[in-house]
Amino acid sequence: VRVRCSADVRTEELTYRLPDSAIAQTPVDPRDSARLLDTRTGLDHHVRDFPGLLESGDLVVVNTTRVRRARLVGAKAATGGTVELLLLDHRGGGRWDALVRPARRVRSGLEITIADTTVRVLTEPDHGEVVVEVDGDAETLMELHGQIPLPPYIHQTLDDPDRYQTVYSDVPGSAAAPTAGLHLTDDVVSGLNRRSIEVASVDLHVGIGTFRPIGTERVEDHAMHAERYEVARSAVDAIRSTKSRGGRVVGIGTTVVRALESAAATGDLRPVAGATQLFITPGFRFRVVDLLMTNFHVPGSTLLAMIAAFRGPEWRSDYNLALRRGYRFLSFGDAMLLERRR
């Protein structure tokens with residue numbers, strides 16, 4: 001899916017001042033004690049209150065992707081120097097797109113040893129990105145010797161790596177977590193069920209490009225990355241049934257929005273599995289998602305562009321309000337509930 005919007009938005013319109021002190025370094029415990037700003041009312045809640053903010057007959061959609069242990073640390077075969085790789089998208093065979101550090105000391109042809117596996121660099125680094133070839137099974141290599149990759153703005157390690165996984169994560173394939181889902185617990189899901197609110201799932205494997213800043217003056221000139229996703233027949237049927245009875249579709253995180261709106265990009269929601277380069281910016285016509293629970297995003301990011309499209313210009317006052325009230329921002333931060341702008 002490749003869809004772009006025509007609205008002329010300057011990247012500087014998607015920036016705001018984010019103090020370092022507002023960036024959450026650790027997740028809260030328990031998960032559902034994270035704060036939740038209901039932008040429809042301006043009231044403060046906690047994620048444990050989420051079921052009570054919805055209506056019977058609504059449908060909540062989650063992303064069941066699981067973060068790979070994709071961060072690998074190895075040694076240059078020739079010199080023993082340390083090299084760090086983050087495996088991203090599988091190109092087929094043994095070839096992978098990857099990020100490498102330190103990129104300035106890496107050249108095409110370099111061989112890296114990780115445990116007893118050889119990884120060859122096939123391309124010159126481009127902003128830290130390379131194509132590598134892994135001898136053997138890369139999935140097994142990651143599972144046995146890899147680490148969960150955390151965003152670069154998180155400077156602390158996790159005692160429990162599963163805190164960077166949702167409780168319902170199932171399908172490995174992401175380089176980063178769908179962070180809004182980190183707040184949900186079995187108790188929250190049980191609360192949804194008690195209110196006759198169904199839960200459906202999609203899979204969208206989060207790529208590292210999600211977190212890259214928009215590097216162009218105009219948002220629409222940004223080269224959007226692709227992510228693999230699947231919207232199954234069961235999810236499509238649940239959404240159609242919900243819409244037909246007047247219920248609302250509630251997305252848990254921007255990845256759910258991207259998956260569902262990609263599946264409906266031709267005008268009719270349908271089951272689909274593939275890759276999407278959908279770039280949701282102001283002016284986008286949403287066809288599926290009515291409400292969105294999401295974290296607070298990095299200034300100047302593609303995720304913030306989606307929020308501006310979904311919420312409208314009021315997103316800025318929402319963010320300012322959250323900062324004044326001491327909400328925690330980014331991946332391990334708090335959340336907000338948004339209603340789609342009509």
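- Proximity of a side-chain donor or acceptor of Glu227 to a complementary backbone N or O of Val206 within less than 3.5 Å is not detected.
- The two residues Ala138 and Leu87 have their closest heavy-atom pair at CB-CD1, 4.3 Å.
- Using modelled atom types, one side-chain atom of Arg245 and one backbone atom of Gly57 make a donor-acceptor pair closer than 3.5 Å.
- Between the Glu129 side chain and the Glu124 main chain, no donor and acceptor come within less than 3.5 Å of each other.
- Val167 is not connected to Val67 by any chain of hydrophobic side-chain contacts under 4.5 Å among Ile, Leu, Val, Met, Phe, Trp and Tyr, and they are in different clusters.
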- Dump the intermediate steps for side chain to side chain contact (heavy atoms under 4.5 Å, CB included) on Val9 and Thr281, then the final yes or no. CA-CA 8 Å; Val9 179; Thr281 64; 5.6 Å; no

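- With salt bridges taken as basic N to acidic carboxylate O contacts below 4.0 Å, one links Arg66 and Asp162.
- Within the 4.5 Å cutoff, side-chain heavy atoms of Arg341 are placed close to those of Pro313.
- Around CD of Glu198, the count of heavy atoms belonging to other residues, nucleotides or ligands within 6.0 Å does not exceed 12.
- Atom OG1 of Thr26 sits about 8.5 Å away from atom CG of Leu158, to the nearest 0.5 Å.
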Quick one: side chains of residues 42-52, donor-acceptor pairs under 3.5 Å with protein atoms, not counting sequence neighbours, listed by atom name and distance.
{"unit_1": "Asp44", "atom_1": "OD1", "unit_2": "Arg325", "atom_2": "NH1", "d": "3.0"}
{"unit_1": "Asp44", "atom_1": "OD1", "unit_2": "Tyr327", "atom_2": "OH", "d": "2.6"}
{"unit_1": "Asp44", "atom_1": "OD2", "unit_2": "Arg325", "atom_2": "NH1", "d": "3.4"}
{"unit_1": "Asp49", "atom_1": "OD2", "unit_2": "His46", "atom_2": "N", "d": "2.8"}

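- Two residues are said to be in side-chain contact when any heavy atoms from C-beta on lie closer than 4.5 Å; Leu182 and Arg31 meet this criterion.
- Using a 4.0 Å cut-off between a side-chain N of Lys or Arg and a carboxylate O of Asp or Glu, Asp160 and Arg163 do not qualify as a salt bridge.
- One distance of note links CG of Asp170 with CD of Gln165; it measures 11.0 Å at 0.5 Å rounding.
- To the nearest 0.5 angstrom, Arg69 atom CZ is 11.0 Å from Met142 atom CE.
- Of all heavy-atom pairs between Val289 and Phe310, the closest is O-CE1, 3.7 Å.
- Here the closest non-hydrogen pair linking Leu204 and Ser174 is O-OG, 3.8 Å.
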- Chi angles and distances behind the side chain to side chain contact (heavy atoms under 4.5 Å, CB included) call for Ile214, Thr302: CA-CA 7 Å; Ile214 299 172; Thr302 60; 4.0 Å; yes

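- We find the CG-CG distance between Leu85 and Leu99 to be 9.0 Å, quoted to the nearest 0.5 Å.
- One distance of note links CD of Glu230 with OG1 of Thr276; it measures 14.0 Å at 0.5 Å rounding.
- The two residues Thr166 and Thr65 make their nearest non-hydrogen contact at OG1-O, 4.4 Å.
- Here the shortest heavy-atom pairing between Pro161 and Ile148 reads CB-CG1, 4.0 Å.
- Using a 4.5 Å heavy-atom threshold, the side chains of Leu59 and Ile239 count as touching.
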- Item | Verdict with reasoning, Leu86 to Leu88, per side chain to side chain contact (heavy atoms under 4.5 Å, CB included) | CA-CA 6 Å; Leu86 178 60; Leu88 301 174; 4.0 Å; yes

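- Under a 4.0 Å N-O distance rule, the pair Asp135/Arg120 qualifies as a salt bridge.
- Under 4.0 Å is where a charged nitrogen must lie from a carboxylate oxygen, and between Glu261 and Arg340 no such pair does.
- Between Thr216 and Thr11, the closest heavy-atom pair is O-OG1, 2.5 Å.
- Side-chain contact between Arg328 and Arg35 is absent, with no heavy atoms from C-beta onward closer than 4.5 Å.
- Between the side chain of Thr123 and the main chain of Val131, a donor-acceptor pair closer than 3.5 Å is present.
- Within the model, atoms CZ of Arg287 and CG of Asp268 stand 9.5 Å from one another, a figure rounded to the nearest 0.5 Å.
- Within the 4.5 Å cutoff, no side-chain heavy atoms of Asp318 are placed close to those of Leu321.
- Checked by atom type, the side-chain pair Tyr164/Ser331 shows no donor-acceptor distance below 3.5 Å.
- At least one donor-acceptor pair under 3.5 Å links the side chain of Arg258 to the backbone N or O of Leu278.
- Not a single donor-acceptor pair under 3.5 Å links the side chain of Ser241 to the backbone N or O of Asp237.
- With hydrophobic clusters built from ILVMFWY side chains whose heavy atoms lie under 4.5 angstrom apart, Leu330 does not share a cluster with Met293.
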Just list the side-chain donor-acceptor pairs under 3.5 Å for residues 13-22, sequence neighbours left out, or say none.
{"unit_1": "Glu13", "atom_1": "OE2", "unit_2": "Arg10", "atom_2": "N", "d": "3.1"}
{"unit_1": "Thr15", "atom_1": "OG1", "unit_2": "Glu12", "atom_2": "O", "d": "2.8"}
{"unit_1": "Tyr16", "atom_1": "OH", "unit_2": "His297", "atom_2": "O", "d": "2.5"}

- Message: Show, in sequence, the C-alpha distance, side-chain angles and deciding distance for Thr117 and His145, and conclude whether the side chain to side chain contact (heavy atoms under 4.5 Å, CB included) test is met.
- Response: CA-CA 10 Å; Thr117 300; His145 302 287; over 6 Å; no

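- Looking at Asp58, its side chain does come within 3.5 Å of a backbone N or O of Arg248 through a donor-acceptor pair.
- Applying ring-ring contact (aromatic ring centres under 6.0 Å, His included) to Phe296 and the options Phe329, Phe332, Trp315 leaves one that passes, Phe329.
- The neighbour count for Arg105 CZ, taken as heavy atoms of other residues, nucleotides or ligands under 6.0 Å away, does not exceed 12.
- Listed for the Gln277 side chain is a donor-acceptor partner under 3.5 Å among the backbone atoms of Met224.
- Within the 3.5 Å criterion, the main-chain N or O of Val106 finds no donor-acceptor partner in the side chain of Lys76.
- Side chains of His183 and Asn295: a donor-acceptor N/O pair is present below 3.5 angstrom, by distance only.
- Arg40 places no side-chain N or O within 3.5 Å of a backbone atom of Leu338 that could act as its donor or acceptor partner.
- Counting heavy atoms from C-beta outward, Tyr229 and Ser262 have side chains that approach closer than 4.5 Å.
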